[in-house]
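Accompanying notes for the structure given below.
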Protein chains: 2
Amino acid sequence: MRPTARKIASVLTQKGYKLTAQRRAVIDVVVSSSEHLAPAALYERVRRTHPAIGLVTVYRTLEMLSELGLICRVHRGGKSRSYTLALLGHHHHLVCSRCGTVADFTGCDLEELQQRLSQDTGFKIEGHLLQFVGDCRNCQGVT
Amino acid sequence: MRPTARKIASVLTQKGYKLTAQRRAVIDVVVSSSEHLAPAALYERVRRTHPAIGLVTVYRTLEMLSELGLICRVHRGGKSRSYTLALLGHHHHLVCSRCGTVADFTGCDLEELQQRLSQDTGFKIEGHLLQFVGDCRNCQGVT
DNA sequence: CTGGTAAATGAAAATCCTTTTCAGTTAGAT
DNA sequence: ATCTAACTGAAAAGGATTTTCATTTACCAG
Ligand SMILES: [Zn+2]
Ligand SMILES: [Zn+2]
Ligand SMILES: [Zn+2]
Ligand SMILES: [Zn+2]
């Protein structure tokens, strides 16, 4: 089930972060939107209700939420990052290379491979990055 | 076995690319180094033997070699990209989050998952991005 | 309720990495 | 040797993110 803004706010205070109006505003937007949003896009939305907020603060808040595991990040090569609520627990993304639409999926099932690599290389593996790239239904057939 | 500079050069001419001194220089550096190099680092090395080369040309050459599948790219979050000789065919990377060391591995075995996702989402999947992140043997235990 | 204080903010500047532009150069075909 | 499209490099533009620093604010203690 979707975390509420309230729930997220309480995590912040528990961790010793201050609960500012700006952070609330960012959290509200994240919670109420289903898309993955780039910092700039999120900034635009937040400004509707909180016109004085700075883009820097949006960056900082996203960074913080991401470190707390409350939002997750989509990696897009050189292009800008984007974030969405981490509602699924551990999951990954399928990204449309044309329009940028993101679909989530769970069940990456990489533990076995991770084991093998750990043994073969001596790396202490801490995480993985998995993403599929392709054309979404809408973008197929479009030149 | 490692592709030679000569072999790579011949691929270029076969594909209709001109074989310039600059491209030769970039290829030589790529072939003779085992690390994954960022464009800027590669530029520095190339300059030792070819001081007049421009960073832009390094970027362009790397892009070209990458598209031909002759070198492969490591993805590093927001940070700069980096490349190394593509000796393994289809493979992925294990990246040390501290020093940046990269180990290659093959056998990602994602076809089944890819099938499933394709059916579930309607995406026409064209590729995947897989990378493990951790601490390499050397960096473990270092604060 | 007051402070007091460390944390947080925002504007601007600074960094970085990468791409674009464009005028001049050159590889390689004829 | 000539020709031309491909290639090059300097500089500028672009874009995203980070740093800096003076100002403001949340929240704990009193
Ligand atoms: Zn699409
Ligand atoms: Zn996973
Ligand atoms: Zn590789
Ligand atoms: Zn390391």
Side-chain angles (χ1 to χ4, degrees), chain A residues 5-6 8-29 36-68 71 73-83 100, chain B residues 5-6 8-29 36-68 71 73-83 100:
Chain A
R6 176 167 317 196
I8 291 179
S10 85
V11 174
L12 291 209
T13 50
Q14 270 168 40
K15 296 280 178 178
Y17 292 100
K18 291 186 180 175
L19 204 48
T20 65
Q22 292 89 333
R23 285 177 178 168
R24 286 174 190 282
V26 170
I27 291 168
D28 283 346
V29 170
H36 286 69
L37 296 171
L42 215 137
Y43 173 59
E44 285 312 325
R45 296 209 186 182
V46 173
R47 288 225 284 179
R48 291 180 199 161
T49 60
H50 201 294
I53 198 171
L55 177 55
V56 207
T57 299
V58 172
Y59 268 95
R60 287 191 281 229
T61 304
L62 289 173
E63 170 66 19
M64 182 195 70
L65 294 173
S66 177
E67 280 195 349
L68 292 176
I71 59 176
R73 179 172 163 187
V74 181
H75 300 265
R76 311 198 51 205
K79 294 150 209 150
S80 99
R81 59 186 72 172
S82 72
Y83 299 90
Chain B
R6 177 166 316 195
I8 291 179
S10 84
V11 174
L12 292 209
T13 50
Q14 271 168 40
K15 296 281 178 176
Y17 292 100
K18 289 186 181 175
L19 203 48
T20 65
Q22 293 91 332
R23 286 177 179 169
R24 285 173 191 283
V26 170
I27 291 168
D28 283 346
V29 170
H36 285 69
L37 297 170
L42 216 138
Y43 172 60
E44 285 313 323
R45 297 208 186 182
V46 173
R47 288 224 285 178
R48 291 180 199 160
T49 59
H50 200 294
I53 198 173
L55 178 56
V56 207
T57 299
V58 173
Y59 268 95
R60 287 191 281 228
T61 305
L62 289 173
E63 170 67 19
M64 181 194 72
L65 293 173
S66 177
E67 281 195 348
L68 293 175
I71 59 177
R73 180 171 163 187
V74 181
H75 300 264
R76 312 197 51 204
K79 292 151 209 149
S80 97
R81 59 185 73 171
S82 73
Y83 298 90

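Just so it is clear: chains get the letters A, B, ... in the order the sequence lines come, proteins before strands, and each one is counted from 1.
- Here the side chain of B:Pro39 is nearest to one of C:dA8, C:dA27, C:dT18, namely C:dT18.
- Both B:Thr20 and B:Ala40 lie close to DNA chain C; mapped to their nearest nucleotides by heavy-atom distance, the more 5′-ward contact belongs to B:Ala40.
- Nearest to the side chain of A:Thr57, among C:dT9, C:dG28, D:dA16, sits C:dT9.
- Nearest nucleotide to the B:Tyr17 side chain, out of D:dT17, D:dC7, D:dG9: D:dC7.
- Residues A:Ile27 and A:Leu12 are in side-chain contact: their nearest non-hydrogen atoms beyond the backbone lie under 4.5 Å apart.
- Candidate nucleotides C:dA27, C:dC17, D:dC27 were compared by shortest atom distance to the side chain of B:Lys18, and C:dA27 ranks first.
- Between B:Tyr43 atom OH and C:dC16 atom P the separation is 16 Å, expressed in whole Å.
- Taking atom CD1 of residue B:Ile53 and atom C1' of nucleotide C:dT25, one finds them 15 Å apart after rounding to whole Å.
- At the heavy-atom level, A:Ala52 lies under 4.0 Å from the strands shown only through sugar-phosphate atoms.
- For D:dC7, the OP1/OP2 oxygens have no side-chain nitrogen or oxygen of B:Gln22 closer than 4.0 Å.
- Positionally, the nearest nucleotide of DNA chain D for B:Gly54 lies more toward the 5' end than for the other of B:Gly54 and A:Glu63.
- One interatomic measurement links the two molecules: CG of A:Leu62 to C1' of C:dA8, which rounds to 15 Å at whole-angstrom precision.
- The CG-P distance, from B:Leu42 to C:dT18, rounds to 12 Å in whole Å.
- Where B:Arg24 and B:Leu55 each meet DNA chain C at their nearest nucleotide, the meeting point lying more 5' is that of B:Leu55.
- The OH-C1' distance, from B:Tyr59 to D:dA10, rounds to 16 Å in whole Å.
- Rounded to an integer number of Å, the gap from CE of B:Met64 to P of C:dT18 is 17 Å.
- With respect to the salt-bridge test (charged N to carboxylate O, under 4.0 angstrom), the residues B:Glu63 and B:Arg60 do not qualify.
- The listed nucleotides are D:dT8, C:dA11, C:dT18; the one nearest the side chain of B:Ser80 is C:dT18.
- Proximity of a side-chain donor or acceptor of B:Thr57 to a complementary backbone N or O of B:Ile53 within less than 3.5 Å is not detected.
- As a whole-Å value, the separation of A:Glu44 CD from D:dA16 C1' is 15 Å.
- In this structure, the side chain of B:Arg23 engages the main chain of B:Lys18 through a donor-acceptor pair within 3.5 Å.
- For B:Arg81, no side-chain nitrogen or oxygen approaches OP1 or OP2 of C:dC17 to under 4.0 Å.
- Between B:Arg60 and D:dT8 there is no side-chain polar atom (N or O) within less than 4.0 angstrom of OP1 or OP2.
- The residue from B:Thr61, B:Val26, B:Asp28 that alone fulfils the side-chain contact (heavy atoms from CB on, under 4.5 Å) condition with B:Val46 is B:Val26.
- Nucleotide C:dT9 holds its C1' atom 9 Å from the CZ atom of A:Arg23, rounded to whole Å.
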